[in-house]
Amino acid sequence: HRDLHVRSRRQRQMCIRDSKDTPKEEKKFIDQHVSSAQSLLDTILFRSHTLRKVVSEIINVQHDYLSEKQQHPNPLKLEDIAKKINMDISSISRTVKNKYIDSPLGTLSLKSFFTSKIIKKSGKVVGAEDLKTAIKDIIESEDKNKPLSDLEIVKLLDTQDFSIARRTVAKYRESMNILNTKKRKLK
């Protein structure tokens with residue numbers, strides 16, 4: 001319907017433009033604005049096509065997460081999608097910025113599907129959310145009278161196949177708003 005409306009409008013404009021009674025200034029005005037409108041439509045179609053390709057790739061990678069077969073999204077970087085659809089990383093970043101998708105899990109930001117990769121000692125690749133969950137579980141099960149230091153958490157994570165630095169534990173602990181050892185201790 002919209003395409004028909006645009007075409008019929010364009011046909012009227014062309015009739016006016018091609019008429020011998022139409023002054024040159026009006027013809028020039030019509031040509032410029034029709035060209036400008038066409039450029040705008042082309043841009044909108046390109047953006048729509050790009051968004052569709054990006055969302056399709058995200059859904060392919062995150063299918064198990066979206067269908068609630070796994071707890072956390074798979075590791076995914078903007079670069080992964082950019083390579084798959086042959087675009088620049090910056091274009092992918094702009095495409096997902098301030099965009100949301102309605103899913104079985106609710107309304108989710110497209111950016112939320114991009115997570116860091118953590119490579120376990122065994123070589124298995126997991127998302128940062130898996131590491132955060134492991135840190136949170138360790139802290140929740142600790143003795144509240146003698147909370148674990150970040151270094152002690154690193155040692156426990158090592159037994160769970162994670163090989164990470166103390167600074168990484170601190171970074172993820174802080175990102176989850178979990179206090180440090182001294183502030184977690186019961187008084």
Side-chain angles (χ1 to χ4, degrees), residues 43-144 147-184:
T43 301
I44 291 169
L45 285 172
F46 179 77
R47 287 184 180 182
S48 174
H49 182 68
T50 301
L51 181 60
R52 194 172 287 120
K53 287 193 305 188
V54 169
V55 169
S56 178
E57 287 299 326
I58 289 172
I59 290 171
N60 285 341
V61 173
Q62 305 296 5
H63 183 267
D64 287 346
Y65 173 64
L66 288 167
S67 59
E68 302 181 64
K69 291 180 184 174
Q70 67 187 45
Q71 188 177 9
H72 301 295
N74 290 315
L76 180 65
K77 291 184 177 182
L78 294 170
E79 180 181 358
D80 300 333
I81 299 292
K83 283 180 182 176
K84 283 187 177 181
I85 64 172
N86 199 25
M87 293 187 82
D88 289 335
I89 295 171
S90 60
S91 297
I92 304 303
S93 179
R94 282 190 305 274
T95 299
V96 301
K97 186 178 181 181
N98 299 321
K99 307 281 188 325
Y100 297 84
I101 187 171
D102 190 21
S103 78
L105 303 172
T107 303
L108 301 171
S109 162
L110 289 181
K111 277 207 166 261
S112 70
F113 291 104
F114 295 92
T115 60
S116 299
K117 294 179 182 178
I118 304 286
I119 301 174
K120 290 184 154 193
K121 293 187 301 183
S122 63
K124 182 180 178 189
V125 177
V126 296
E129 291 301 318
D130 292 307
L131 176 59
K132 285 183 179 181
T133 299
I135 292 169
K136 187 176 178 186
D137 290 346
I138 289 170
I139 291 173
E140 286 176 353
S141 65
E142 73 185 357
D143 178 355
K144 303 302 177 205
L148 300 166
S149 70
D150 291 342
L151 191 56
E152 291 169 317
I153 293 170
V154 166
K155 290 176 184 172
L156 289 172
L157 287 168
D158 189 65
T159 66
Q160 296 180 25
D161 199 27
F162 288 101
S163 178
I164 58 167
R166 182 203 54 79
R167 294 180 313 277
T168 306
V169 169
K171 177 178 94 171
Y172 285 125
R173 179 181 47 72
E174 290 168 4
S175 76
M176 295 183 290
N177 296 317
I178 297 174
L179 301 172
N180 65 25
T181 306
K182 291 178 184 172
K183 293 181 180 174
R184 287 197 318 269

Salt bridge (charged side-chain N to carboxylate O under 4.0 Å, His left out) against [X], all qualifying residues, sequence neighbours excluded:
| X | answer |
| --- | --- |
| K132 | E129 |
| K77 | none |
| K99 | none |
| R52 | none |

Where at least one partner belongs to residues 56-73, residue pairs that pass salt bridge (Lys or Arg N to Asp or Glu O under 4.0 Å), sequence neighbours excluded
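Counting only pairs at least two positions apart or across chains, the salt bridge (Lys or Arg N to Asp or Glu O under 4.0 Å) contacts touching residues 56-73 are E57-K84.
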Before giving the answer on side-chain contact (heavy atoms from CB on, under 4.5 Å), spell out for L108 and L66 the whole-Å C-alpha distance, their side-chain angles and the decisive distance to 0.1 Å.
CA-CA 10 Å; L108 301 171; L66 288 167; 4.2 Å; yes
Sort and list the pairs that fulfil side chain to side chain donor-acceptor pair (under 3.5 Å) and have at least one residue in residues 100-121, not counting sequence neighbours.
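The answer is K121-D158.
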Side chain to side chain contact (heavy atoms under 4.5 Å, CB included) with [X]: which residues, sequence neighbours excluded?
| X | value |
| --- | --- |
| S149 | L151, E152, T181 |
| S90 | D88, R94 |
| K144 | E142, L186 |
| L157 | L131, A134, I135, I138, I153, Q160, F162, I164, V169 |

If you count heavy atoms of other groups shown closer than 6.0 angstrom to CG of N60, is the number above 12?
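More than 12 heavy atoms, drawn from other residues, nucleotides or ligands, come within 6.0 Å of this atom.
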Taking atom CD1 of I119 as the centre, report whether more than 12 heavy atoms of other residues, nucleotides or ligands fall under 6.0 Å from it.
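No, CD1 of I119 has 12 or fewer neighbouring heavy atoms, counting only those of other groups under 6.0 Å.
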Would a distance-only check, ignoring hydrogens and angles, find a side-chain to backbone donor-acceptor pair under 3.5 Å from E79 to I89?
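Not a single qualifying donor-acceptor pair exists.
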So how far is it from [X] [atom1] to [Y] [atom2], rounded to the nearest 0.5 Å?
| X | Y | atom1 | atom2 | value |
| --- | --- | --- | --- | --- |
| D161 | D130 | CG | CG | 11.5 Å |
| T95 | K53 | OG1 | NZ | 9.5 Å |
| S67 | Q62 | OG | CD | 10.5 Å |
| L51 | S56 | CG | OG | 11.0 Å |

Is the shortest side-chain heavy-atom distance between [X] and [Y] below 4.5 Å?
| X | Y | result |
| --- | --- | --- |
| L110 | I101 | yes |
| F114 | D80 | no |
| I85 | I92 | yes |
| I59 | F113 | no |
| I139 | L148 | no |

Please determine whether side-chain contact (heavy atoms from CB on, under 4.5 Å) holds for the pair L78 and V96, giving the CA-CA distance in whole Å, both sets of side-chain angles, and the decisive distance to 0.1 Å.
CA-CA 9 Å; L78 294 170; V96 301; 4.2 Å; yes
Excluding sequence neighbours, so at least two apart, what forms side-chain hydrogen bond (donor to acceptor under 3.5 Å, both in side chains) with T43?
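With neighbours one apart ignored, the set is empty.
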In residues 172-179, what donor-acceptor pairs under 3.5 Å come from side-chain atoms, sequence neighbours left out?
unit_1: R173; atom_1: NE; unit_2: D150; atom_2: OD1; d: 2.9
unit_1: R173; atom_1: NH1; unit_2: I178; atom_2: O; d: 3.0
unit_1: R173; atom_1: NH2; unit_2: D150; atom_2: OD2; d: 3.0
unit_1: S175; atom_1: OG; unit_2: Y172; atom_2: O; d: 2.8

Could you check V125 against I118 for side-chain contact (heavy atoms from CB on, under 4.5 Å), going step by step and ending with a plain yes or no?
CA-CA 6 Å; V125 177; I118 304 286; over 6 Å; no
Looking only at heavy atoms, which two atoms of Y65 and Q71 are closest? And how far apart?
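The answer is CE1-O, 3.3 Å.
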